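Report on the following structure.
What you see is a predicted model, and the numbers here were worked out from it, not measured in a lab.
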Amino acid sequence: MPEHSAHLLIIDDNEDILFMLQTMLQMKGYKVSVKNNMEQLYEYIERVHPDLILMDMLLSGADGREVCKYLKSDGLLASIPVIMISAHPNAEKECLEAGANYFLGKPFEMIDLSATVAAAIEGASKR
């Protein structure tokens, strides 16, 4: 199993998807934290300062696009790459306009997730 020093934060309100993504990325050697709600989300992100955020576009009680806009407007958090995921037809355009660095449409293959995560982390390390 490859070892990665990157810390990923997954934000999704679907427990099954959260568990699957966490398990798959941990198997790839990443350190993974998860949040399934918006409670103290910004404070949590500021505290753990993950290397990458993987977030669903639609969250219970929140819009991931608005979360992304907030993160990208914050000087301390703006450099964290954000990968947004969604099954909605127009989601890619909307997520990228909100500041997401990458987008994955649901359903997606794990190989595509792995490649996108690796590209996001590599891109961030070159900044």
[Y] side chain reached by [X] side chain, heavy atoms, under 4.5 Å:
{"X": "F103", "Y": "S86", "result": "yes"}
{"X": "V82", "Y": "M55", "result": "yes"}
{"X": "I80", "Y": "L71", "result": "no"}
{"X": "I17", "Y": "K106", "result": "yes"}
{"X": "H88", "Y": "L58", "result": "yes"}
{"X": "M57", "Y": "I85", "result": "no"}
{"X": "E92", "Y": "M84", "result": "no"}
{"X": "Y44", "Y": "L9", "result": "yes"}

### Message
Less than 4.0 angstrom from a charged side-chain N to a carboxylate O is my criterion; do D12 and K35 meet it?
### Response
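Result for this pair is no, no salt bridge flagged.
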
### Query
Between V117 and L25, is a side chain to side chain contact (heavy atoms under 4.5 Å, CB included) present by the stated rule, with each step listed?
CA-CA 9 Å; V117 167; L25 291 166; 4.1 Å; yes

Would you compute the distance between atom [atom1] of [X] and atom [atom2] of [Y] and round it to the nearest 0.5 angstrom?
{"X": "Q22", "Y": "E15", "atom1": "CD", "atom2": "CD", "value": "10.0 Å"}
{"X": "K28", "Y": "S114", "atom1": "NZ", "atom2": "OG", "value": "4.0 Å"}
{"X": "C68", "Y": "N101", "atom1": "SG", "atom2": "CG", "value": "7.0 Å"}
{"X": "D56", "Y": "D63", "atom1": "CG", "atom2": "CG", "value": "10.0 Å"}
{"X": "D51", "Y": "K31", "atom1": "CG", "atom2": "NZ", "value": "9.5 Å"}

### Query
For K72 and P81, which heavy atoms make the closest approach, and how far apart are they?
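Smallest heavy-atom distance, with atoms named: NZ-CA, 4.1 Å.
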
Out of curiosity, does [Y] fall in the hydrophobic cluster containing [X] (side-chain heavy atoms, cut-off under 4.5 Å, transitive links)?
{"X": "L59", "Y": "Y42", "value": "yes"}
{"X": "L113", "Y": "F19", "value": "no"}
{"X": "I10", "Y": "F108", "value": "yes"}

### Task
Output yes when a side-chain donor or acceptor of H49 lies under 3.5 Å from a complementary backbone atom of L76, and no otherwise.
yes

### Task
Look only at the side chain of S73 and the backbone of Y70, and say whether a donor-acceptor pair between them is shorter than 3.5 Å.
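Indeed, once roles are kept as given, a pair shorter than 3.5 Å links the two residues.
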
#### Entry: Check against side chain to side chain contact (heavy atoms under 4.5 Å, CB included), I83 and I53
CA-CA 6 Å; I83 301 172; I53 296 172; over 6 Å; no

### Task
Kindly determine whether R47 and E43 satisfy salt bridge (charged side-chain N to carboxylate O under 4.0 Å, His left out), including the steps that lead there.
CA-CA 6 Å; R47 187 167 29 87; E43 294 87 351; over 6 Å; no

### Task
Please report the C-alpha distance between V67 and M38 in whole Å, then the side-chain angles of each, then the deciding distance to 0.1 Å, and finally whether the side chain to side chain contact (heavy atoms under 4.5 Å, CB included) criterion is met.
CA-CA 9 Å; V67 174; M38 292 296 297; 3.5 Å; yes

### Message
Using the rule given for side chain to side chain contact (heavy atoms under 4.5 Å, CB included), can you reason through I121 versus L8, listing the C-alpha separation, both sets of side-chain angles and the distance that settles it, and then say yes or no?
### Response
CA-CA 10 Å; I121 291 170; L8 314 181; 3.7 Å; yes

